[in-house]
Amino acid sequence: DPCEPPRRTDYPQKPPPYSPAAQLVAEAAQSLGLHPYPLPLAINYRQNAVRKPCVHCTTCDLFPCKICAKNDLAVTILPQAVREGAELRPNAIATRLLRHNNRIVGVRCRDGKTGESFDVGCGLCIVACGAIGSARLLLLSGLGESKDNGDLIGRYLLRHCNGIVIGMFPFETNPQEKFNKQVAITDFYHGHPDGSGLPGPWGMLQALQVPPAEYIRSQAPPPISTIGAATTKYHSYILCIAEDLPNPENRVTLHPTKKDAFGLPLASVHSSYHKRDRAARREL
């Protein structure tokens with residue numbers, strides 16, 4: 001990645017060869033003087049006694065992995081943590097962080113099946129519920145009222161301003177039906193290399209897996225649903241990920257009236273793209 005800072009070692013696994021569809025994008029980018037590179041992916045390519053390696057199927061980007069080749073928590077960190085003595089509490093809902101003397105000392109929870117409340121004490125609390133869920137839990141815990149930057153909780157929500165470019169070719173772009181979300185281009189991350197056009201940052205480009213025909217048929221509006229589903233073998237997708245700029249009005253709050261099954265306020269998401277975000281997407 002031309003934009004990546006230095007690092008001491010390589011990634012744990014070498015990238016696999018490009019699929020024909022990814023190679024199509026990489027060669028086109030190189031012919032334009034750009035610098036495509038293998039996209040780092042949390043996928044297991046090694047054969048070992050515990051896990052199967054990736055088989056490069058086309059379902060990777062849209063669906064759970066049936067052979068557990070994705071390096072997600074359920075097949076990597078959590079099993080090891082349990083072996084080391086960690087306890088998982090499935091169907092437990094964190095409803096509030098417990099404070100004492102300006103420190104978080106525990107978490108109040110509800111059993112998702114019985115509805116019973118229980119507390120878990122802690123010396124260290126890690127909130128990892130995603131951008132929306134984390135803000136909601138902190139706000140439910142009253143931390144939004146804190147004088148120490150409490151008003152910032154939930155603010156500056158960032159949601160990539162994405163666009164997809166679809167190319168249609170007179171030949172099958174992925175005849176082997178292989179995974180092809182493998183190549184990325186960051187030459188335009190800081191704007192156009194020659195300094196023209198909109199000042200950066202713009203964002204990055206990635207090859208994107210073509211969705212299954214039935215997915216396009218069910219999700220896309222007509223006539224794309226019909227034409228697109230009938231021609232997927234000839235498609236090539238590029239995802240344009242524009243970096244939206246931080247805006248304090250893009251935020252997560254607690255909904256004033258709507259509540260979840262436990263009577264707690266739902267998260268309310270306020271988000272809109274600035275004209276500058278949309279301009280960066282157009283440039284990409």
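Note that the coordinates shown come from a computational prediction; the quantities given were computed from them, not determined experimentally.
Note on residues 19-43: pairs passing side-chain hydrogen bond (donor to acceptor under 3.5 Å, both in side chains), not counting sequence neighbours, are Asp1-Tyr37, Ser19-Gln182, Gln23-Glu27, His35-Asp187. Sequence neighbours left out, the pairs with a member in residues 253-267 that pass salt bridge (Lys or Arg N to Asp or Glu O under 4.0 Å) are Arg136-Asp260. Applying the ring-ring contact (aromatic ring centres under 6.0 Å, His included) test to pairs two or more places apart or on separate chains, none has a residue in residues 250-284. The ring-ring contact (aromatic ring centres under 6.0 Å, His included) analysis of residues 45-82, with sequence neighbours excluded, yields the pairs Tyr45-His56. Sorted by first and then second residue, the side-chain hydrogen bond (donor to acceptor under 3.5 Å, both in side chains) pairs with a member in residues 67-83 read Arg51-Asn71; sequence neighbours excluded. Within the structure, no pair that satisfies the side-chain hydrogen bond (donor to acceptor under 3.5 Å, both in side chains) test touches residues 158-168, not counting sequence neighbours. Listed by first and then second residue, the salt bridge (Lys or Arg N to Asp or Glu O under 4.0 Å) pairs involving residues 230-245 amount to none (not counting sequence neighbours). Pairs passing the ring-ring contact (aromatic ring centres under 6.0 Å, His included) check and including a residue from residues 75-119, sequence neighbours excluded, do not occur.
Residue Leu254 holds its CG atom at 4.5 Å from CG of Leu139, rounded to the nearest 0.5 Å. Taking SG of Cys65 as the start and CD1 of Ile43 as the end, the distance is 8.0 Å to the nearest 0.5 Å. In this structure, the separation between SG on Cys125 and CG on Leu137 is 7.5 Å, given to the nearest 0.5 Å. With rounding to the nearest 0.5 Å, the separation of CD1 in Ile132 from CG in Leu266 is 12.0 Å. Distance check, rounded to the nearest 0.5 Å: OG of Ser141 to CZ of Arg99 gives 8.0 Å. Here the straight-line distance linking atom CZ of Phe179 with atom SG of Cys57 works out to 8.5 Å at 0.5 Å rounding.
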Stepwise side-chain contact (heavy atoms from CB on, under 4.5 Å) check, Asn44 with Cys54
CA-CA 6 Å; Asn44 177 53; Cys54 172; over 6 Å; no

Worked verdict on Val183 versus Tyr18 for side-chain contact (heavy atoms from CB on, under 4.5 Å):
CA-CA 8 Å; Val183 58; Tyr18 286 146; 3.7 Å; yes

Mind listing the side-chain donor-acceptor pairs of residues 102-111 below 3.5 Å, one per line with the distance, residues two or more places apart or on another chain?
residue : atom : partner : partner atom : Å
Arg103  : NH2  : Gly123  : O            : 3.2
Arg108  : NE   : Asp119  : OD1          : 2.9
Arg108  : NH2  : Asp119  : OD2          : 3.0
Arg110  : NE   : Gly115  : O            : 2.9
Asp111  : OD1  : Lys113  : N            : 2.8
Asp111  : OD1  : Thr114  : N            : 3.0

Please set out all donor-acceptor pairs under 3.5 angstrom arising from side-chain atoms of residues 84-93, sequence neighbours excluded.
residue : atom : partner : partner atom : Å
Glu87   : OE2  : Arg89   : NE           : 2.8

Name the atoms and distances for all side-chain donor-acceptor pairs under 3.5 Å in residues 202-216, with sequence neighbours left out.
residue : atom : partner : partner atom : Å
Trp202  : NE1  : Leu198  : O            : 2.8
Gln209  : OE1  : Asn180  : N            : 2.8
Gln209  : NE2  : Asn180  : OD1          : 3.1

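Here the shortest heavy-atom pairing between Gly154 and Ala135 reads CA-CB, 3.8 Å. Across all non-hydrogen atoms, the minimal contact from Leu284 to Cys240 is CB-CB, 3.9 Å. Considering all non-hydrogen atoms of both residues, Ala26 and Pro36 come closest at O-CG, 3.5 Å. Scanning all heavy atoms of the two residues, the minimum distance from Gly228 to His235 falls at O-CE1, 3.4 Å. The two residues Ala280 and Pro201 have their closest heavy-atom pair at CB-O, 4.4 Å. Nearest heavy-atom pair, Gly144 versus Ile153, reported as atom, atom and distance to 0.1 Å: N-CD1, 3.9 Å.
Contact annotation: the side chain of Tyr234 never approaches that of Pro170 to less than 4.5 Å [non-hydrogen atoms, C-beta and beyond]. Between Val120 and Cys122, the closest side-chain pair of non-hydrogen atoms is not below 4.5 Å. Between Leu143 and Leu97, the closest side-chain pair of non-hydrogen atoms falls below 4.5 Å. Counting heavy atoms from C-beta outward, Val25 and Ile238 have side chains that approach closer than 4.5 Å. Looking at heavy atoms from C-beta onward, Thr173 lies out of side-chain contact with Tyr237 at the 4.5 angstrom threshold.
Judged purely by atom type and a 3.5 angstrom limit, Ser236 has no side-chain atom pairing as donor or acceptor with the backbone of Gly167. Listed for the Arg155 side chain is a donor-acceptor partner under 3.5 Å among the backbone atoms of Pro248.
Under a cut-off of 6.0 angstrom, the local environment of CD1 in Ile67 is crowded, with over 12 non-hydrogen atoms contributed by other residues, nucleotides or ligands. Heavy atoms of other residues, nucleotides or ligands lying less than 6.0 angstrom from CZ of Phe169 number more than 12.
Ion pairing between Arg281 and Asp277 fails under the 4.0 Å rule for side-chain N and carboxylate O.
Leu32 and Phe188 fall within a single hydrophobic cluster, where Ile, Leu, Val, Met, Phe, Trp and Tyr side chains are chained together by heavy-atom contacts under 4.5 Å. Note on Ile241: it clusters hydrophobically with Ile166, by side-chain heavy-atom contacts below 4.5 Å among ILVMFWY residues. There is a path of hydrophobic side-chain contacts, each under 4.5 Å, that joins Val82 to Leu73.
For Glu283, there are no side chain to side chain donor-acceptor pair (under 3.5 Å) partners at least two apart in sequence or on another chain.
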